[in-house]
Amino acid sequence: MVGAPGSGKGTQASRLTKALGIPHISTGEILREYIANGHPLGNRIKEFIDRGALVPDDMILAIVADRIGREDCERGFILDGFPRDIEQANALENVSQVDCVINLDVPEERLMDRLTGRRTCKSCNHISHVSIIGDSMVCPDCGGELTVRADDVPETVHKRLEVYERQTKPIIDFYRQRGKLIDVNSDQTPDDVFSDVSEALRKLC
Ligand code: AMP
């Protein structure tokens, strides 16, 4: 899944994982777990995430190679948030075959609101939005506690969107040139986006 921060990659990937029965691998989620669990690299990773910058490629590549080498990935997997730049896309070509890349397209002016209004569940990672749940900090999915991600504050969001434009967006053409890209309008309800994603994948298979 590719797309700007706030384009719905996490939401759609977690729906797809249920539908296809293959793992959802979110590099952002793995990095946040490293920080929460006090991993030796946690403090270094936190510095990058809090600045809205990308974590260095060597660290990410080691994490992804380890994750996709596990048994549950033998039948395939869904990558969310990786690759994030051309170097990572090239590195992925060397370790695995990418079947299809879904580009979730959202007008830039919608992203700030989608990110700063985002609420993430501490227990199940379900993503909600203040426009749906209002002031509630209770997950509508599992009843867990909702939080505002540390990097979903306006200043960091600005930086993340800049990083996306400069470093990540070129991977869209990288995959388009290789005939792997499917564009999906993600400026719709999550149900409608999922229906378009599913339709696109059906045509491919
Ligand atoms: P995400 O949850 O995908 O929005 O990622 C949150 C943050 O984790 C990003 O702003 C980066 O700092 C870091 N991150 C996640 N995935 C990657 C990646 N593939 N390469 C470098 N940094 C990443």
Side-chain angles (χ1 to χ4, degrees), residues 1-17 23-37 39 41-69 73 77-96 98 101-106 108 110-122 124-129 146-172 174-175 186:
M1 316 285 308
V2 300
S7 59
K9 298 185 297 295
T11 300
Q12 295 302 321
S14 71
R15 287 178 177 224
L16 264 186
T17 209
H24 167 194
I25 302 173
S26 157
T27 42
E29 202 46 55
I30 295 174
L31 294 169
R32 283 186 288 279
E33 273 165 22
Y34 272 42
I35 298 170
N37 298 339
H39 188 278
L41 292 173
N43 282 342
R44 220 180 133 217
I45 290 170
K46 188 173 182 317
E47 277 174 32
F48 289 101
I49 293 187
D50 286 354
R51 276 195 286 120
L54 294 186
V55 171
D57 285 344
D58 55 346
M59 220 186 274
I60 291 290
L61 293 173
I63 289 172
V64 171
D66 170 67
R67 183 62 190 88
I68 66 180
C73 289
F77 46 87
I78 301 159
L79 290 170
D80 154 16
F82 178 92
R84 207 67 162 231
D85 58 25
I86 293 284
E87 287 72 24
Q88 293 181 11
N90 275 318
L92 181 59
E93 298 279 289
N94 295 330
V95 291
S96 186
V98 174
V101 178
I102 296 168
N103 175 32
L104 296 177
D105 200 19
V106 177
E108 207 188 318
R110 300 271 303 113
L111 296 170
M112 179 56 89
D113 171 66
R114 284 173 72 141
L115 287 164
T116 54
R118 179 159 78 172
R119 301 291 179 264
T120 307
C121 178
K122 273 187 178 174
C124 72
N125 286 322
H126 179 78
I127 298 161
S128 323
H129 193 270
L146 295 179
T147 56
V148 178
R149 254 172 61 174
D151 57 349
D152 277 347
V153 296
E155 206 183 284
T156 315
V157 167
H158 270 300
K159 175 72 191 185
R160 288 165 64 204
L161 294 176
E162 241 176 69
V163 166
Y164 171 75
E165 279 295 318
R166 196 177 61 248
Q167 291 176 262
T168 308
K169 223 174 173 181
I171 69 172
I172 292 178
F174 178 96
Y175 287 118
S186 198

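Counting starts at 1 for both ligands and their atoms, in listed order.
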field: atom 2 (O) of ligand 1: nearest protein contact (heavy atom, Å)
entry: Arg32 NH1, 3.0 Å
Pick from Gln88, Met59, Arg84, Arg160: the one approaching atom 5 (O) of ligand 1 most closely through a non-hydrogen atom: Arg84
message: For a 4.5 angstrom cut-off between non-hydrogen side-chain atoms, does Leu92 reach Leu79?
response: yes
- prompt: So, Glu29 and Arg32, do they make that salt bridge, N to O below 4.0 Å?
  reply: yes
- request: Step through the shown structure and confirm whether more than 12 heavy atoms of other residues, nucleotides or ligands are within 6.0 Å of CG on Asn43.
  value: no
message: Students should be able to answer this: which protein heavy-atom is nearest to atom 14 (N) of ligand 1, and at what distance?
response: Leu31 CD1, 3.5 Å
message: Can a donor-acceptor pair be found, under 3.5 Å and without considering hydrogens, that links the side chain of Arg118 to the backbone of Asp152?
response: no
- prompt: Can you tell me the protein heavy atom closest to atom 16 (N) of ligand 1 and the distance?
  reply: Thr27 OG1, 2.8 Å
task: Ignoring hydrogens, just give me the one of Ala53, Gly52, Gly28, Ser7 whose non-hydrogen atom is nearest atom 11 (C) of ligand 1.
output: Ala53
query: Between the side chain of Thr120 and the main-chain N/O of Asn125, is any donor-acceptor distance below 3.5 Å?
result: no
message: Residue-level breakdown please: for Leu54 versus ligand 1, do any non-hydrogen atoms fall below 4.0 Å on the side chain, on the backbone, on both, or on neither?
response: both
- prompt: Quick one: does Thr27's side chain have a donor or acceptor within less than 3.5 Å of a partner on Gly81's backbone?
  reply: yes
- prompt: In terms of residue, atom name and distance, what is the protein heavy atom nearest to atom 4 (O) of ligand 1?
  reply: Arg149 NH2, 3.1 Å
statement: If we number the atoms of ligand 1 from 1 as shown, the ones under 4.0 Å from a heavy atom of Asp151 are 6 (C)
task: List the closest protein heavy-atom neighbour of atom 22 (N) of ligand 1: residue, atom name, distance to the nearest 0.1 Å.
output: Val55 N, 3.0 Å
query: Short question: side chain of Ser186, backbone of Ser7 - any donor-acceptor pair under 3.5 Å?
result: yes
